[in-house]
Number of protein chains: 2
Amino acid sequence: MRYQDELFRQREELLLDTALALFRECGWEKVTVSQLAARAGVAKGTVYKHFASKEAIYASLALRFSRSCLEQYESMPHRPSPLESIREVIRAAFARMLSHPLEVQLCLHCDRPEFQSRLDESQRGAFQALDEQYNALFHRLVEAAVAAGEIPPKSPESLYWGVDAVFQGVMARIAAGGLGLERHATPSLEIYSEHVVEFITAGLLGRFPDPGPEASP
Amino acid sequence: MRYQDELFRQREELLLDTALALFRECGWEKVTVSQLAARAGVAKGTVYKHFASKEAIYASLALRFSRSCLEQYESMPHRPSPLESIREVIRAAFARMLSHPLEVQLCLHCDRPEFQSRLDESQRGAFQALDEQYNALFHRLVEAAVAAGEIPPKSPESLYWGVDAVFQGVMARIAAGGLGLERHATPSLEIYSEHVVEFITAGLLGRFPDPGPEASP
DNA sequence: GTCATATAATGACTGACGGTCATATTGTGA
DNA sequence: TCACAATATGACCGTCAGTCATTATATGAC
């Protein structure tokens with residue numbers, strides 16, 4: 001490996017770390033590419049050697065974060081109860097997100113079609129691959145719980161939709177730093193997420209007893 | 001009312017309608033204030049007589065939409081079963097959002113602290129008031145279902161967190177026009193939302209039977 | 001080690017666009 | 001009708017993402 005290639009790789013890591021630090025200080029929308037270049041000790045044009053756009057920096061940070069989360073979840077030990085394994089993965093995910101609100105904000109920002117359409121192919125492809133990996137992980141977990149009789153037989157697909165929706169919502173709340181707008185007695189985000197875990201679990205278990213066409217009180 | 005006041009009022013409505021039309025054509029991020037002014041037949045500076053910023057236009061559209069949704073939900077007939085009333089409100093909400101994806105996008109965009117902090121007091125206050133009204137509606141619905149014995153006694157608050165999270169997620173998916181990123185067999189959004197209604201209902205009902213400290217298969 | 005050439009870094013420049021404000025135009029009310 | 005207040009206008013301004021001609025550095029053949 002040539003000196004230049006190694007320098008390029010290291011500088012790219014430095015730029016991402018520097019961006020993260022600056023974003024934490026000032027908010028990612030407010031940080032300019034010039035500020036990032038100055039902080040990292042390079043010229044502004046050099047930043048564009050590494051990243052096609054400011055948005056590509058956001059994407060790189062989101063991808064980096066998502067990858068490390070997935071690694072964590074995939075290496076978690078299995079419990080005797082597959083449903084408990086699911087709950088633990090969900091808890092771990094919430095805990096991870098709670099300690100990285102900035103990254104959560106970036107992930108949400110990137111997870112929109114207009115944004116994705118502005119990325120180059122390789123980054124877009126990376127998001128897709130990650131998405132598929134998350135999906136596969138969820139399927140594995142749910143299928144194990146169904147096979148163990150802990151969850152009623154139901155397509156992992158439709159369960160995923162419910163869980164996905166909750167995750168999106170929790171991410172938005174974590175990204176916002178709370179339940180927003182002082183709307184009501186605000187719990188700590190930890191308590192909030194534990195309640196949501198319970199909500200998800202119930203959602204996965206489904207209604208019991210199974211309702212008739214017109215359930216009556 | 002003076003001619004000028006009536007003209008101002010009508011022009012403001014025209015500007016909002018024109019903005020909505022342009023946003024649908026080109027995407028709200030891409031539409032410039034100049035384009036909006038030209039389409040509406042006024043000078044650019046006149047737009048700023050009505051709205052403090054481009055973001056204030058977003059906020060006005062989001063507020064308008066949210067208000068009309070709330071009116072609809074509050075005027076829906078009650079069912080003999082309060083739980084069914086809840087489900088119907090949720091269905092109506094999803095249906096409303098499904099037919100107004102642009103407005104949903106704008107609502108999501110506005111529902112972030114950084115955005116809110118850039119609004120003037122009156123718009124920020126309007127968002128808060130609406131938020132409280134939505135919250136009160138949910139509380140009413142849930143309390144009726146609890147009183148009818150259809151939902152286990154539980155604080156409406158904690159139930160709200162689960163439902164709120166799901167709503168956020170569904171909104172994000174509707175705003176994105178689907179489940180994003182070609183990740184898996186994509187259902188129609190209608191089918192998707194029906195499954196999510198079921199997930200929410202189960203979440204509201206909670207786990208049954210109530211699990212012990214360590215549920216085993 | 002030298003040096004011609006390729007490669008990479010630099011920062012002044014460019015254009016887009018949100019927002020402003022001096023000037024022109026229109027409305028108001030005595 | 002007309003002096004004055006209120007309002008509309010669009011050229012202008014500042015910011016910032018992104019660009020690229022010029023300068024600096026790395027590379028590899030000899």
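Lettering of chains follows the sequences in order, A, B, ..., and the numbering in each one begins at 1. Keep in mind the model is a prediction, meaning the values are calculated, not measured.
- B:H109 is linked by a ring-ring contact (aromatic ring centres under 6.0 Å, His included) to B:W28, B:Y58, B:F115, counting only residues two or more places apart in sequence or in another chain.
- Minimum heavy-atom separation, B:L22 to B:L36: CD1-CA, 3.6 Å.
- Spacing between atom CG of A:D5 and atom C1' of C:dA6 amounts to 14 Å, rounded to whole angstrom units.
- Phosphate contact (OP1/OP2 of C:dA8, side-chain N/O of A:R11, threshold under 4.0 Å): absent.
- Whole-Å rounding puts the A:F8 CZ to D:dA26 C1' distance at 15 Å.
- Applying the ring-ring contact (aromatic ring centres under 6.0 Å, His included) test to B:F51 and every residue at least two apart in sequence or in another chain returns nothing.
- Looking at which nucleotide of DNA chain C each of B:K49 and B:Q4 is closest to, the 5′-most match is held by B:K49.
- Between A:Y160 and A:H139, the ring planes lie tilted relative to each other; the angle falls in the 30° to 60° range.
- One side chain, B:S68 or B:R96, offers a donor N or O that lies under 3.5 Å from an acceptor on the other.
- Between A:H50 and A:I57, every side-chain heavy-atom pair lies at or beyond the 4.5 Å cut-off.
- Summarising the geometry, the separation between CG on A:L119 and P on D:dA17 is reported as 17 Å, rounded to the nearest angstrom.
- Atom C1' of nucleotide D:dG18 and atom CD1 of A:I57 are separated by 12 Å, given to the nearest angstrom.
- Between A:H50 atom NE2 and D:dG18 atom P there is a gap of 16 Å when expressed in whole angstrom units.
- Taking the side chain of B:Y48 as heavy atoms from C-beta on, and the options D:dT9, C:dG19, D:dG18, the nearest nucleotide is C:dG19.
- Pairing for C:dT28 goes to D:dA3, judged as Watson-Crick or G-U wobble with the two contacts each under 3.5 Å.
- When all heavy atoms are compared, the tightest approach of B:S66 to B:L130 is CB-CD1, 3.4 Å.
- For DNA chain C, the neighbouring residues in residues 32-45 of chain B, judged by any heavy atom under 4.0 Å, are B:T32, B:V33, B:K44.
- Proximity note for A:T46 (side chain, C-beta onward) versus C:dG27, C:dA9, D:dG18: the nearest is C:dA9.
- Rounded to whole angstrom, the span from the CD atom of A:Q10 across to the P atom of C:dA8 amounts to 16 Å.
- Here D:dT15 presents its C1' atom at 16 Å from NZ of B:K54, a figure rounded to the nearest Å.
- Atom pair B:Y3:OH and D:dT7:C1' shows a separation of 11 Å (rounding to whole Å applied).
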